[in-house]
Amino acid sequence: MAREIAKAYEPQQIEPRWAEYWVKEALFKADPNAPGPVFSIVIPPPNVTGSLHIGHMLEHTEIDILTRWHRMRGYNTLYLPGTDHAGISTQRVVVKQLMDQGIDYHKLGREEFEKRVWQWKAEAGSQITEQMKAIGESCDWSRERFTLSPEMSRVVRKVFVALYNEGLIYRETRLVNWCPVCLTVLSDLEVVHEERQGNLWHIRYPVSGSKEFIVVATTRPETMLGDTAVAVHPEDERYAHLVGKTVVLPLMNRRIPIIADAMVDREFGTGAVKITPAHDSNDFEVGKRHKLAEIDVMTDDGRMNAAAGPYAGLDRFAARKKIVEDLKAGGLLEKVTEHKNSIGICERSKTIVEPRISTQWFCAMKGLAAPALKAVREYEPGKENTIQIVPDNRRQEFLNWLDNIRDWTISRQLWWGHRIPAWYCGDCEQVIVAEEPPTKCSKCGSGRLTQDPDVLDTWFSSGLWPFSTLGWPEKTADFEKYYPTSLLITGYDILFFWVARMAMLGIHFTGKVPFRTVYLHSLVRTGSGEKMSKSKGTGLDPVVLNQQYGTDAMRFCLASMAAPGTDIVLSDDRLGGARNFANKIWNAARFLLMNLDKFEAGGTQIEELAAPEVRAKAPYAAGGAVPLVDAWLFSRLAGITELVNSALGNYRFHEAAQAVYQFFWGDFCDWYIEWVKPELQNTDRERAVVAWRNLFAGFDAALRLLHPFMPFLTEELWHQLPQPSGAKSIALGAFPEAQARWKNDAAEKDFALIQEVILELRNIRAERKVEPKRKVAAEFYSASADIRETVRQNLDGIQRLAVLSGLEFVVESIPQGGAMRSTARFDVRIDPTTGTPATSINARVIEASAELAKIRKEIERIEKDIASKERQLGDETFRSRAPEKIIRGMETTLEERQVELKKLQERLGQFEKGPPA
RNA sequence: GGGCGACUAGCUCAGUUGGUUAGAGCGCUCCCCUCACACGGGAGAGGUCAAAGGUUCAAGUCCUUUGUCGCCCACCA
């Protein structure tokens, strides 16, 4: 049976097949009755109409790595997928789409509009989940959820009504953040602040019945049309005589009072402030204190309204311009200065947010925040009902925010979302809040009821996600088994938007924290440090990258860069490196497969290699002893496995990925495979079988270690290699555990010595420009009998990997100079006459002088090192305080350094006598 | 105005509790298309860890100050 696979790894040929297989076989369907400890994770639901971006790719890679890792370790694992209706952004997308077709969504009417959005959701909504399937995320697709599905909506209504009945949800008129483009109120979090260079206009307000002016400074002249007072500080002597008088509001010719209020900063501007309660939150407070009128001078789309008199109809910025001109013309503009201030921008539309008086629904937060605060503050490993936040520095951020939390504006003037379950009676003042539509007024019995037109902030339903998706409020098997979820992986940019709200609502409604740990992943940034964004054209499209490099390479690359707490800048180089790694793995497997035939031809059933019990017994001994290289490999494997398991347990993806990389490429391919090649063909059948068994067991373990990072590649290769019949997927197999019996310090030390000997020999060859294939004679010297013995026992491998015709053990130290190298423990020399003869004299002189300089530099470095060590070791305080291990180690190193120094000095002496042979 | 983070090899970045000669990928130099892999193999060069001070037997790692850059929070007109 010929086992041939393509010469290079071609992910496009492989990925779709396994992606489909995993879904079709429902391999990752969770079973609440299955045994094992629980690992459950719910996806941060991406926007239903969105598509996968690079941030998702990182997030989902991390989630899937941990999910697959836990599953392989025998956990009862659930990875629950789903999407978010994403109220405001979805509505914007559909509105724009309609606009492109020349349709005004207002004219369509609410019902028809909602229908169109559902239609759009049906068409576009599966894109992101299809992509998730295509990149092989190991979700349980039978449990897919959507925040606006009937089931989730019922939970939303239930929660709303409960909070209302508890008095935590209320309706009130106050100054809110208004987006004139989205035409809805926004929560504080949806307003992003930006520092911008603006102006401070100093405007003269004439004092009534006097020739005096009071000068106010403002950054927003257009709001003066709604001024209802001018305020000064009560103790400001400059204006004391004016308090109680009135001014004539310029342009409007309205008389407004001069009042005294302590909120005024005497140092700022002129010390006199215009008060516009309807358009500034500070002024709103002042207005309340002084019972001032609130004059809204704008329309909901940011134009001046009728109250703005002659400016009505102008856009707010046009009005500003016009007003400034008019003031100037009237001699009322004293001066204009530059002023930097931070302004609020709508997160979605990027428009400047307008503070505006409006009646909205709010959720009181203080009471909800307290238990969440407690759960995070009191976290300790293993402590029930507390939440761990990783990385730790985000924890303080979380606590600070919750400490200063303000009420949450939960209503939105949108059509796409969970409609607020509140009805207003047309015949009395009654407000009815209920889970199901009421038929008549609970107070007057009237049937004239209208439902509140607004919908809920999209984060309201997301806030319920960890329990709404698991069947709450019913005590379903899923809820009982998988809640609280084990872990939440999400971006730190939505720590407050989402994580905090889930924590609060989860604890409030279920009495338990919704997740035990929150791991906040990095953000993927562009080369210039910005957050990647498709709209800015700076985003990398993961679908394109997956095509180009393969999903596995992409995943591996992201994982290897995902150090907690630092952002990621992705580069083609880095992706290419990961792709090369995938190819390396592929080719190592190819090597195994190509040789399997030969092995089989020798009469051994390859099925034997597939048997788990055969693999479990590795490393096998040949002739009574485990060959050094095998003992070394499995000892390394034990170390790497330990490291990977501990790194993944601590969300240190990069450490885990890099460790596997080094192991596979460096240890397994460069050394192990190269070393065992001849053994596989050994005419001593028993030895060959041992070599094969060990090779397969080693490769099998490596494949499993790699699987969470590179699921497609490993699944494909796993199926190509002999496996027990009936085994469906590497994903359902066991993850390696570090075996105590694999640990072998002596083997690691001995093989490291062999590697060093080979390295030094190759080094001389390269320096002497010996042709790669030319076998040269070499000499070896070591004062240590142990070292000599280790080298003697591994002579074949050394000769082969260093391309020697023979290695002679000499009894005396090899004189310094010529084609030799020294370390503290041994000397090696090659016979230059077997190498390539004479380069030109000129070249030799240059080389010699370069080497001389190198030797001198090295001597200098070692002398410095020796001096520092001698000083430390001679220091009594050091000896008494430093750990024994450090002292011991330093002493040994010092001895070695001294030997090295002596040899180098000898070498230098040789050089000075004359050029080397 | 507060708070946080970054500054380590030409580039992009690792470096958990301070402990013997600071690492990786890419790039660079030299040699090789050797029967798994040129998406490869072999051998190298390259860093006074942003600056200054301090703590310590010992500092890339802890403290202070400064500089540059980035982020978050905050109602200063």
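Order of the sequence lines fixes the chain letters, A, B, ..., with proteins taken first and strands second; residue numbering starts at 1 for each chain. Hydrogens, waters and symmetry mates are skipped; everything else that's a heavy atom, side chains included, is used.
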For [X] and [N], give me the distance from atom [atom1] to atom [atom2], rounded to whole Å.
X       : N      : atom1 : atom2 : answer
R881(A) : U56(B) : CZ    : P     : 9 Å
H339(A) : A77(B) : NE2   : C1'   : 7 Å
E674(A) : C35(B) : CD    : P     : 11 Å
F268(A) : G1(B)  : CZ    : P     : 13 Å
W665(A) : G25(B) : CH2   : C1'   : 10 Å

### Task
Record whether the side chain of K769(A) comes under 3.5 Å of the base of C31(B) through a donor-acceptor pair of N or O atoms.
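There is none.
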### Query
Counting only distance, no hydrogens or angles, is the base of C75(B) paired donor-acceptor with the side chain of N282(A) under 3.5 Å?
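Such a pair exists between side chain and base.
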### Task
May I ask you to verify if any side-chain N or O of N341(A) is less than 4.0 angstrom from the OP1 or OP2 atom of A77(B)?
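Answer is yes, contact under 4.0 Å.
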### Message
Go nucleotide by nucleotide along RNA chain B from the 5' end; which of I758(A) and A582(A) gets its closest nucleotide reached first?
### Response
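Closest to the 5' end, via its nearest nucleotide, is A582(A).
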### Message
Reading RNA chain B from 5' onward, which residue's closest nucleotide shows up sooner: L189(A) or G269(A)?
### Response
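Result of the comparison: L189(A).
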### Message
Suppose we screen for side-chain hydrogen bond (donor to acceptor under 3.5 Å, both in side chains). Which residues come up paired with H521(A), at least two apart in sequence or across chains?
### Response
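So H521(A) forms no side-chain hydrogen bond (donor to acceptor under 3.5 Å, both in side chains) with any residue.
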### Query
Mind checking what makes side-chain hydrogen bond (donor to acceptor under 3.5 Å, both in side chains) contact with D265(A), not counting sequence neighbours?
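Not a single residue meets the side-chain hydrogen bond (donor to acceptor under 3.5 Å, both in side chains) criterion with D265(A).
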### Gap in Å between the two C1' atoms, one belonging to G53(B) and one to G19(B), rounded
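Each nucleotide's C1' atom is 23 Å from the other's.
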### Task
Identify whether any heavy atom of P883(A) sits under 4.0 Å from a base atom; if not, whether one sits that close to sugar-phosphate; answer base, sugar-phosphate or nothing.
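Result for P883(A) = base.
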### Query
Can any side-chain N or O of D261(A) pair as donor or acceptor with the backbone N or O of V286(A) at less than 3.5 Å?
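Not a single qualifying donor-acceptor pair exists.
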